[in-house]
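Report on one structure; see the data block that follows.
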Amino acid sequence: QVQLVESGGGLVLPGGSLRLSCAASGFAFDTYGMTWARQAPGSGLEWVSSIDSSGSITYYADSVKGRFTISRDNTKSTLFLHMNKLKPGDTAAYYCYKAKLPLTEPRSMAAGLYDHWGQGTQVAVSS
């Protein structure tokens with residue numbers, strides 16, 4: 001069955017960096033777009049970034065543009081989120097989502113766009 005397992009979260013100082021990974025299995029990873037979303041304590045789910053199936057098209061939320069980079073390794077069925085210049089406002093649980101199509105609609109976490117997601121990895125940015 002489809003599995004998405006996030007890792008790489010942790011506690012980091014403001015200005016620091018982290019690399020999140022999402023290991024995918026149970027489906028043809030190179031056929032589907034993928035998305036990172038996050039949920040801060042007491043807040044709703046926020047779309048962060050999306051990438052198409054080939055890795056050539058990427059989208060970013062304005063709040064992370066220039067600081068975060070989404071990428072994928074289709075040979076290893078793994079999605080990444082490189083996060084630099086982290087801010088306290090980036091504190092959240094981060095989730096990877098599998099889109100239903102090779103290129104998903106950016107800036108949307110509408111239920112109809114995704115069919116699987118992981119359990120999340122926690123990122124805390126604090127001094």
Side-chain angles (χ1 to χ4, degrees):
Q1 78 263 26
V2 173
Q3 282 195 310
L4 298 169
V5 181
E6 301 93 336
S7 61
L11 175 63
V12 63
L13 293 171
S17 299
L18 282 174
R19 187 185 77 163
L20 305 185
S21 299
C22 172
S25 61
F27 66 102
F29 183 73
D30 60 357
T31 303
Y32 297 95
M34 299 291 293
T35 287
W36 285 101
R38 67 187 181 185
Q39 186 165 22
S43 298
L45 190 64
E46 177 189 11
W47 173 83
V48 174
S49 181
S50 294
I51 189 168
D52 77 318
S53 58
S54 70
S56 60
I57 301 173
T58 59
Y59 301 101
Y60 298 94
D62 289 343
S63 59
V64 307
K65 194 175 297 182
R67 299 188 299 121
F68 290 11
T69 301
I70 190 171
S71 64
R72 63 193 296 160
D73 184 339
N74 284 347
T75 67
K76 297 181 179 179
S77 296
T78 304
L79 175 73
F80 301 101
L81 186 67
H82 303 255
M83 305 187 297
N84 297 317
K85 300 178 182 178
L86 282 161
K87 305 174 181 180
D90 296 318
T91 295
Y94 284 72
Y95 302 89
C96 64
Y97 278 71
K98 171 190 171 292
K100 292 182 177 179
L101 297 173
L103 177 61
T104 190
E105 180 179 335
R107 301 178 182 83
S108 175
M109 295 306 301
L113 298 176
Y114 305 100
D115 53 13
H116 293 88
W117 51 92
Q119 292 299 307
T121 185
Q122 187 68 41
V123 172
V125 184
S126 175
S127 55

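The structure displayed is predicted, hence computed values, not measured ones.
In this view, Pro102 and Ser53 satisfy the side-chain contact (heavy atoms from CB on, under 4.5 Å) rule, not counting sequence neighbours. When the side chain to side chain donor-acceptor pair (under 3.5 Å) test is applied to Thr75, the partners found at least two apart in sequence or on another chain are Asp73. In this structure, the side-chain contact (heavy atoms from CB on, under 4.5 Å) partners of Asn84, at least two apart in sequence or on a different chain, are Ser17. When the salt bridge (Lys or Arg N to Asp or Glu O under 4.0 Å) test is applied to Arg67, the partners found at least two apart in sequence or on another chain are Asp90. Contacts of Ser50 classified as side chain to side chain donor-acceptor pair (under 3.5 Å), with partners at least two apart in sequence or in another chain: Thr35, Trp47.
Dense packing is recorded around NZ of Lys100, with more than 12 heavy atoms of other residues, nucleotides or ligands lying under 6.0 Å away. At most 12 heavy atoms of other shown residues, nucleotides or ligands fall within 6.0 angstrom of atom CD in Gln119.
For residues 68-105, the set of pairs meeting the disulfide bond (SG atoms under 2.5 Å apart) definition, not counting sequence neighbours, comprises Cys22-Cys96. For residues 41-86, no residue pair satisfies the disulfide bond (SG atoms under 2.5 Å apart) rule, not counting sequence neighbours. The salt bridge (charged side-chain N to carboxylate O under 4.0 Å, His left out) analysis of residues 41-64, with sequence neighbours excluded, yields the pairs Arg38-Glu46, Asp62-Lys65. A salt bridge (charged side-chain N to carboxylate O under 4.0 Å, His left out) check over residues 14-26, counting only residues at least two apart or in different chains, returns nothing. Listed by first and then second residue, the salt bridge (charged side-chain N to carboxylate O under 4.0 Å, His left out) pairs that reach into residues 108-127 are Lys98-Asp115, sequence neighbours excluded. Sorted by first then second residue, the salt bridge (charged side-chain N to carboxylate O under 4.0 Å, His left out) pairs that include residues 1-17, not counting sequence neighbours, number zero. Sorted by first and then second residue, the ring-ring contact (aromatic ring centres under 6.0 Å, His included) pairs involving residues 55-98 (not counting sequence neighbours) are Tyr97-Tyr114, Tyr97-Trp117.
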For Met34 and Leu4, what are the C-alpha separation, side-chain angles and deciding distance, and is it a side chain to side chain contact (heavy atoms under 4.5 Å, CB included)?
-> CA-CA 11 Å; Met34 299 291 293; Leu4 298 169; 3.9 Å; yes
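Residues Trp36 and Val12 are members of one and the same hydrophobic cluster, defined by side-chain heavy-atom contacts under 4.5 angstrom among Ile, Leu, Val, Met, Phe, Trp and Tyr. There is no path of hydrophobic side-chain contacts, each under 4.5 Å, that joins Phe29 to Ile57.
Between the CD1 atom of Ile51 and the CZ atom of Arg72 there is a distance of 6.0 Å, given to the nearest 0.5 Å. Ser7 contributes atom OG, which lies 8.0 Å from atom CG of Leu20 (distance to the nearest 0.5 angstrom). For the atom pair CG (Leu79) and OG (Ser71), the distance works out to 7.0 Å, reported to the nearest 0.5 Å. Rounding to the nearest 0.5 Å gives a distance of 7.5 Å between OG1 of Thr58 and CD1 of Ile70.
Across every non-hydrogen atom of Ser108 and Leu113, the tightest pair is OG-CD1, 3.4 Å. Smallest separation of non-hydrogen atoms from Ser49 and Leu81: CB-CD1, 4.5 Å. Of all non-hydrogen atoms in Lys76 and Thr78, the two that sit nearest each other are O-OG1, 2.8 Å.
No donor-acceptor pair under 3.5 Å is formed between the side chain of Ser56 and the backbone N or O of Ser54. In this structure, Thr91 contributes its side chain and Val125 its backbone to a donor-acceptor pair below 3.5 Å.
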